[in-house]
Amino acid sequence: MALTIEWKHRIELWEKALWEACYKPIQPVFLEGFATTEHLSPQQALQGAFQPMPPGTAWGAKWEYGWFRTTVTIPPEAEGKRVVIRLNTGGIESVVWINAQAAGSFGWGHKEITLARQAAAGQRYEILLESYAGHGHITVGDGPYPDGVESVPEPGPTQCVVGESTLGIWREEVYQAAVDFTTLFDLSQLLDPLSLRACQIDEALMDATLLIDPELAEPEMLETICAGRERMRPVLEKHNGPTMPTLFAFGHAHIDVAWLWPLRHTERKMAATVLNQLALFEEYPEFRFLQSQPHLYWMLQQRYPDIYARFKQAVREGKVIADGGMWVEADTNLSGGESLIRQILYGRAFFRDELGVDSRVLWLPDVFGYSGALPQILKGCGMIGFATQKITWAYNGGERFPYNIFWWEGIDGSAIAAHIFTDYNSEMRPRNLVERWNTRLQMNGIHSMIQSFGWGDGGGGPTRDHLEFYRRVQDLEGLPRVRMASPAEFFEDLFAHGLPKERYVGELYFQAHRGTYTSQARTKRGNRRSEFALREAELWASAARALRGFDFTPKTLWEQWRSLLLNQFHDVLPGSSIARVYEEAEATYTEILAAAGQTAQQAARMLAGSGSGRTAFNSLAWERRALFATPQGEVEVELPPCGWAPI
C-alpha cells in the first residue's frame, strides 16, 4: 500500500525517536588539559601542565594541539551494558588513548568510543586525547571579497571551546531496532508504492510503531523494542532473485596526504582512521578496509609504530586491503613519465616487501585528470585495472562521460580495464545502494560496480552504522546485492564475466577544478627541476659506478625520490592546497636539488678523471654542439648523446 501522509509522518517520528534513544548519558565527564604547538608523544604529554578545562573553556591558537585527560569509573547501573564515552574538546579531530593504549578517535564522523561491550561496575579507565585546534578559516572556493577584506583571515588567540562530555550506556537493542527500521523505511521509499513488497514493508513499519513505545520506562520500553524487531524480521529476511546487480563493497577513508592541512597533521588523521578500523575488525569479522597509499603506511610507521604494528598484522590477516599502486595518489598530468613509473614501482615494492601483498589495481579516486600515457605505464608495471570516480564530478557543466566499465586505450595502443564509480565516501543505507546503480553512466552491458564506504579526510573511516547496514542489505529483496570484496576481486569478476566492448582512447579529461594547473608556479617549477636533477644524478652516477666503481646504488637517492613523489600528490603539485603546504614543498625541492646536484658532480669528477683539463657532459639523448669559454677563447665541442668529451 502507499503510505498516507499521516502514517508516513508517524513512521518518521518513530525513526527519529529510535535513533535518539540509542544513547543514554549517565554522568558528566570533566576534562583537564593544556595546549601546545610541540609534537608530543603520549608519554611526553602526560608530563605537561594540565589545568581544569570545564565546558566553556576557550583554547587553541593557530596550529596548536590540546592534550586532555580524564578518568571515569563504570557505575553500578551500567553493569553488563555496552558503555561508551562522548568527549567534546571543541577541537576538529582527536586521537584517543585508553589505559595507555591507542584506542580510537573523535571527529565529525565519530562521536563516541566504546569502553566496554559488557561493562564491569567499578572498572576504571584513564583517558588521554590529543585534539587539533585548527589553523583558521578553511575555504575551497569562497569569494569574491570586497577590497580590504581578507579571504583567509588569521585566527584569534583561541579557536575552540570545550563542550559537554558524558559517559553513557549504549542501548544496543534500541540501536539494532533503529537500523532495522531505517533499512526498511529507506527501502520502502525506493520501491513502487503499489508493489506487494512495498505494501508488506509498509505494513511491518506501521505495526512496529504500534508495538514500540519509546515513552515507557526502560525495562518495558525494551520489551516493546523486541516485539517491534520481531514484527520487522520477516520482511528483512526476504532475499533477491537471480537478476540483481552486485556492488563490490569495502571500507575506505580517502585521506588527502596534504590539502587543507599540513603533512604533520595527516599523521594524526591516519592514526585516527586506523584506530577506528582496528576496533571494527574486532566486532565485525566480515569487514574489509582498503588503505591505498604506501606513504600513509610509512608515515604511520614513523610516527606511531605501535599502531602501525597492529595495522600491519591486520594486513597479514586479510582484514586490510593493501592495494592502490602508487606511492601516493599522484597527479598524472604534471608528473613526468619517469615519476609516474616510479610512483608505481616504489608503491608496489612497499606493498610487496613491507606488507607481503601484490598490488595490482591503480586506485586514483580523486585525481584531477588522467594522462593518455597511463594505460601503457600500467600495463608495463604489471597492473590489471584502473579505478577512479572523479570524472563524474561535472559540477561546472560539460559533457557527460559515457562509461562506468570500459577498456581504456593509451597513446601507444595499450589497453587496461577501467572502472569509474561515483563516490568514494558512500554510506550503506538502501538509498545509497540504489542511487549507485540507478545513476550509472552506461545502462547496458554491465552487472556490477564498486561501493567504497566510510568517512574520509578526517571523518575517521567507516563506523558501526556502515557495517550494521551492510549486514542487512547484503541480499535484501529490492536492492542490489552487496559483496564485501577488494578492488582486485571486482576486476577479476569482470574478467570472468567478460568486459563490455566499449573502449575509450586517450586522456581522461577532468572538466572541473579549473585553474589548478596554472597556480603555484614555483612548486611546479621545483617539481620539474627536481625530476631533471635526479635524472642527471642517476645517469652520471650509474656510468661512474660501471666505469670507475663509484659508490652508488638504487637506494642512494631513494629519500630524494620519495620526497619528490610525495609532492606529486594530487592536491600539492596541481596547486589546490593551503600556503604552508607549498612552503614545505619548496623547501623540500631545495633539499632534493642539493643532494642530486652533489651526486651528479661527484660522479662527473670521477668520470672526467684526474688532470688539468676540463670535460663537458651531455645528458640529452642526442648529439649536440656546445660552446665553452676557455683562456684561448670560445671552443665548440661535439658532445655524444648521454656522454662526455674533453674540452
Side-chain angles (χ1 to χ4, degrees), residues 23 25 27-36 39-48 50 53 55 59-60 64-74 82-117 119 123-134 160 162-168 170 253 255 264-283 289 300 303-311 314 454-455 457-464:
Y23 179 65
Q27 64 184 42
V29 174
F30 298 102
L31 302 173
E32 58 178 10
F34 67 93
T36 178
H39 294 266
L40 305 177
S41 68
Q43 296 75 22
Q44 292 170 327
L46 286 171
Q47 306 304 313
F50 286 87
M53 297 184 75
W59 68 277
E64 274 197 328
Y65 287 84
W67 284 92
F68 298 85
R69 68 183 181 187
T70 190
T71 301
V72 297
T73 302
I74 303 299
R82 187 180 187 118
V83 174
V84 304
I85 192 164
R86 290 181 170 178
L87 300 180
N88 184 359
T89 67
I92 297 174
E93 298 147 6
S94 302
V95 179
V96 182
W97 289 262
I98 299 175
N99 292 340
Q101 182 176 13
S105 73
F106 293 110
W108 57 265
H110 288 73
K111 299 301 183 186
E112 59 268 328
I113 290 178
T114 298
L115 293 181
R117 280 186 257 170
Q123 178 68 47
R124 181 183 173 92
Y125 294 92
E126 302 283 348
I127 301 172
L128 179 71
L129 301 86
E130 182 187 28
S131 188
Y132 183 47
C160 308
V162 176
E164 301 285 343
S165 297
T166 56
L167 177 74
W170 188 259
I255 300 177
R264 292 300 295 266
H265 187 57
T266 308
E267 298 170 354
R268 276 85 168 174
K269 288 182 179 287
M270 180 62 176
T273 299
V274 165
L275 289 170
N276 294 331
Q277 307 323 301
L278 291 172
L280 289 175
F281 292 145
E282 294 179 7
E283 194 163 357
F289 175 75
L300 187 70
R303 175 68 177 171
Y304 302 98
D306 294 343
I307 302 175
Y308 175 74
R310 293 162 58 191
F311 197 54
W455 308 121
D457 280 339
T463 66
R464 286 192 69 206

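When reading the values below, keep in mind they use all heavy atoms of this one structure, side chains included, and skip hydrogens, waters and symmetry mates.
Remark: the backbone N or O of Ser41 is not paired with any side-chain donor or acceptor of Glu130 at under 3.5 angstrom. Checking side-chain atoms of Ser165 against main-chain N and O of Phe30 turns up no donor-acceptor pair under 3.5 Å. Counting only distance, with no hydrogens or angles, the side chain of Thr89 and the backbone of Gly91 share a donor-acceptor pair below 3.5 Å. In terms of modelled atom types and a separation under 3.5 Å, the side chain of Asn276 and the main chain of Gly461 share no donor-acceptor contact. In this structure a side-chain-to-backbone donor-acceptor pair under 3.5 Å is missing from Trp67 to Gln44.
Of the candidates Val72, Leu129, Leu167, Ile113, Leu87 forms a side-chain contact (heavy atoms from CB on, under 4.5 Å) with just one, namely Leu129. Results of the side-chain contact (heavy atoms from CB on, under 4.5 Å) test with Tyr125 over Val83, Thr71, Thr73, Ile74 single out Ile74 as the only residue that passes. The only option from Val274, Thr273, Leu275 that meets the side-chain contact (heavy atoms from CB on, under 4.5 Å) definition with Gln277 turns out to be Thr273.
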Next item on the list: Test side-chain contact (heavy atoms from CB on, under 4.5 Å) on Ile98 and Ile85 and set out the steps.
Entry: CA-CA 11 Å; Ile98 299 175; Ile85 192 164; 5.6 Å; no

Note to self: Evaluate Arg303 against Met270 for side-chain contact (heavy atoms from CB on, under 4.5 Å), listing each step before the verdict.
What the structure shows: CA-CA 10 Å; Arg303 175 68 177 171; Met270 180 62 176; over 6 Å; no

Next item on the list: Under the salt bridge (Lys or Arg N to Asp or Glu O under 4.0 Å) rule, what do Glu283 and Arg464 come out as? Steps first, then yes or no, please.
Entry: CA-CA 9 Å; Glu283 194 163 357; Arg464 286 192 69 206; 3.5 Å; yes

Margin query: Between Arg82 and Arg117, does the side-chain contact (heavy atoms from CB on, under 4.5 Å) criterion hold? Intermediate values first, please.
Written below: CA-CA 4 Å; Arg82 187 180 187 118; Arg117 280 186 257 170; 3.5 Å; yes

Next item on the list: Please step through side-chain contact (heavy atoms from CB on, under 4.5 Å) for the pair Tyr23 and Glu112, ending with a clear verdict.
Entry: CA-CA 10 Å; Tyr23 179 65; Glu112 59 268 328; 5.6 Å; no

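Here the closest heavy-atom approach between residue Pro42 and residue Leu128 is recorded as CB-CD2, 3.8 Å. Looking at every heavy atom in both residues, Ala314 comes nearest to Leu278 through CB-CD2, 4.3 Å. In plain terms, the two heavy atoms of Leu40 and Ala45 that are nearest each other are CD1-CA, 4.0 Å. Closest approach of His110 and Pro462 over heavy atoms only: NE2-O, 3.1 Å. Of all heavy-atom pairs spanning Ala133 and Gly60, the tightest one is CB-CA, 3.6 Å.
The distance from atom CG of Leu115 to atom CD1 of Ile127, rounded to the nearest 0.5 Å, is 5.0 Å. In this structure, Met53 CE and Phe34 CZ are separated by 10.5 Å, a value rounded to the nearest 0.5 Å. Between Thr114 atom OG1 and Trp170 atom CH2 the span is 8.5 Å, to the nearest 0.5 Å.
The aromatic rings of Phe68 and Trp59 sit perpendicular to each other, their planes meeting at more than 60°, with 30° as the lower class boundary. Ring pair His265/Tyr65 is tilted by interplanar angle, where 30° to 60° counts as tilted.
Heavy-atom contacts from other residues, nucleotides or ligands closer than 6.0 Å to CD of Gln27 number more than 12.
The cationic atom of Arg268 (NZ for Lys, CZ for Arg) does not lie both less than 6.0 Å from the six-membered ring centre of Tyr132 and within 45° of the ring axis.
Inter-residue side-chain proximity for Asn88 and Glu164 is flagged as unmet; no heavy-atom pair is nearer than 4.5 Å.
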